Amino acid sequence: MNSLSPRAAVGLFLIVVLAWGVNWSVTKQLVQLLPPLWTSAIRSWIALAGLFVILGLSNNLVIPERRDIPVVLSVALLHMTIFSVLVAAGVRFLPASKAIVLGYTTPLWVAIAAPLLGKDTLTAPKLAGALLGLIGLAVILNPASIDWTNANVVLGAGMVILAAISWAANIIYIRAHRWIASPLQLLIWQVLVATIVLTASAMVTNGLPHAEWSWRLILLFLYSGLIGTALAYWAMSMVNKSISALGTTGTPLVGIASAAILLGEPIDMSLAVAAGLIVTGIGLATLGDRLLRGQATASG
């Protein structure tokens, strides 16, 4: 794959941040109309069709080799299935703005877990970032922000945090994997596996989907499947070696803004402070990771 120009890389990364940020508000609306499993499954089918066209036109449709199968399963199950379903289930009970802040604690869990598993080195910036992020998590989970007397709200928050941890486990595995095909070439297989698992799970759990189909529901699914999933995954695969993951800190901010605009959700002080702390923590943790990798590269 040819390297991207800086302008193209920035443009694609902006697509990722905007598509993923807005998608939380779209998912919030979808799960009011369909169960979380069917929401995730239908979105995945639409994304699969979109990616088939995108990757086919760019000659990136390949058969994965045996050594790439574990990473296909890892991404499909931990991120595209477990993360997707837990977020969809959790956002039913939480404002989308608070859910996205909890969901994007993923880099903090990576910064904490990777050194404990011997997969990384804990540096001062990473430690400081993790501590700031955990303080932000405590702020958003305080009783003034989250109603601890409401079991559904607590359950929703717990599911979104578990989703973030599941994504973190996937990231740790991806870092250790020796890739044969590129992430872009494996993307459609990851989505295919996730689509099959999600559809089978939805059929067993909920039976056939029952919904009052309308143009609003169709447009929500088209956005979530084509833009929030297919286009965003494709763009992320294109820029994952061109731009630091630090840029993903913009996604929760876009999510908070879109929830305020599209859903009328208020931006209270706890949310603003927590988002600031968590985004800063992610930035520090990512900076520590870049410094560590830079030192490793310099030392050969």
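All figures in this text were calculated on a predicted structure; none of them were measured in a lab. This chain uses plain numbering: 1 for the first residue, then up along the sequence.
- At least one donor-acceptor pair closer than 3.5 Å links the side chain of Arg92 to the backbone N or O of Ala89.
- Val53 and Leu192 are not part of a single hydrophobic cluster, where members link through side-chain heavy atoms under 4.5 Å apart.
- When all heavy atoms are compared, the tightest approach of Leu108 to Gly133 is CD1-CA, 3.2 Å.
- Using a distance-only test at 3.5 Å, with no hydrogens or angles considered, no donor-acceptor pair links the side chain of Thr106 to the main chain of Ala168.
- Note: Leu127 CG to Leu132 CG = 10.0 Å, rounded to the nearest 0.5 Å.
- Distance alone, capped at 3.5 Å, is enough to place a donor-acceptor pair between the Ser258 side chain and the Val254 backbone.
- In the hydrophobic clustering of this structure, Ile54 does not group with Leu57; members are Ile, Leu, Val, Met, Phe, Trp, Tyr whose side-chain heavy atoms approach within less than 4.5 Å, directly or through other members.
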Using side chain to side chain contact (heavy atoms under 4.5 Å, CB included), reason through Trp234 and Leu12 one step at a time and then give a plain yes or no. CA-CA 9 Å; Trp234 169 78; Leu12 288 173; 3.6 Å; yes
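- In terms of the side chain to side chain donor-acceptor pair (under 3.5 Å) criterion, Trp189 has no residue partners (sequence neighbours excluded).
- Among residue pairs with one or both ends in residues 21-71, none qualify as ring-ring contact (aromatic ring centres under 6.0 Å, His included); sequence neighbours excluded.
- Listed by first then second residue, pairs satisfying ring-ring contact (aromatic ring centres under 6.0 Å, His included) with a partner in residues 59-83 read His79-Phe83, His79-Trp167, His79-Tyr233, Phe83-Trp167, not counting sequence neighbours.
- Clustering ILVMFWY residues whenever any of their side-chain heavy atoms sit less than 4.5 angstrom apart, transitively, puts Val62 in a cluster other than the one holding Ile69.
- Residues passing the side chain to side chain donor-acceptor pair (under 3.5 Å) test with Ser97 are Glu265, sequence neighbours excluded.
- The minimum heavy-atom distance linking Ser40 with Ser84 is given by the pair OG-OG, 3.1 Å.
- Distance alone, capped at 3.5 Å, is enough to place a donor-acceptor pair between the Tyr223 side chain and the Ala19 backbone.
- When every heavy atom of Ala163 is checked against every heavy atom of Val87, the shortest pair comes out as CB-CG2, 3.8 Å.
- Counting only heavy atoms from C-beta outward, the side chains of Met236 and Leu187 never approach each other to under 4.5 Å.
- Here the closest heavy-atom approach between residue Ala99 and residue Val91 is recorded as CB-CG2, 4.0 Å.
- Taking hydrophobic clusters as Ile, Leu, Val, Met, Phe, Trp and Tyr residues chained together by side-chain heavy-atom distances below 4.5 Å, Ile227 shares a cluster with Trp20.
- For Ala230 against Leu51, the heavy-atom pair with the smallest separation is O-CD2, 3.6 Å.
- Side-chain atoms of Ser145 and Ser270 form no donor-acceptor pair, as typed in the model, at a separation below 3.5 Å.
- Between Thr81 atom OG1 and Leu198 atom CG the span is 4.5 Å, to the nearest 0.5 Å.
- Applying the side chain to side chain donor-acceptor pair (under 3.5 Å) test to Arg216 and every residue at least two apart in sequence or in another chain returns Gln29.
- From Leu30, atom CG reaches atom CZ of Phe221 across 5.0 Å, with rounding to the nearest 0.5 Å.
- Looking only at side-chain heavy atoms (C-beta outward), Thr229 and Val191 stay at 4.5 Å or farther from each other.
- A distance-only check finds no donor-acceptor pair linking the side chain of Thr251 to the backbone of Gly21 [under 3.5 Å].
- A heavy-atom distance below 4.5 Å is not found between the side chains of Phe93 and Val154.
- Contact of the Tyr173 side chain with the Val75 side chain is not registered, since no non-hydrogen atoms from C-beta on lie closer than 4.5 Å.
- Side-chain contact between Ile171 and Trp109 is absent, with no heavy-atom pair separated by less than 4.5 Å.
- Between Ala235 and Val16, the shortest heavy-atom contact is CB-CG2, 3.6 Å.
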For a quick test of your reading: what N or O donor-acceptor pairs under 3.5 Å do the side chains of residues 203-214 make, sequence neighbours left out?
{"from": "Thr205", "atom 1": "OG1", "to": "Ser201", "atom 2": "O", "distance (Å)": "2.8"}
{"from": "His210", "atom 1": "NE2", "to": "Leu208", "atom 2": "O", "distance (Å)": "3.3"}
{"from": "Ser214", "atom 1": "OG", "to": "Leu217", "atom 2": "N", "distance (Å)": "3.3"}

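- Side-chain atoms of Leu94 and Leu102, non-hydrogen and from C-beta on, do get closer than 4.5 Å to each other.
- Here the side chain of Asp68 pairs a donor or acceptor atom with the backbone of Ile180 at under 3.5 angstrom.
- We find the CD1-CG distance between Ile112 and Leu131 to be 8.0 Å, quoted to the nearest 0.5 Å.
- The OG atom of Ser224 lies 7.5 Å from the CD1 atom of Ile46; values are rounded to the nearest 0.5 Å.
- Hydrophobic clustering of Ile, Leu, Val, Met, Phe, Trp and Tyr side chains at less than 4.5 Å, counting indirect connections, keeps Val31 apart from Leu155.
- For the atom pair CD1 of Ile172 and CZ of Arg175, the computed distance is 7.5 Å after rounding to the nearest 0.5 Å.
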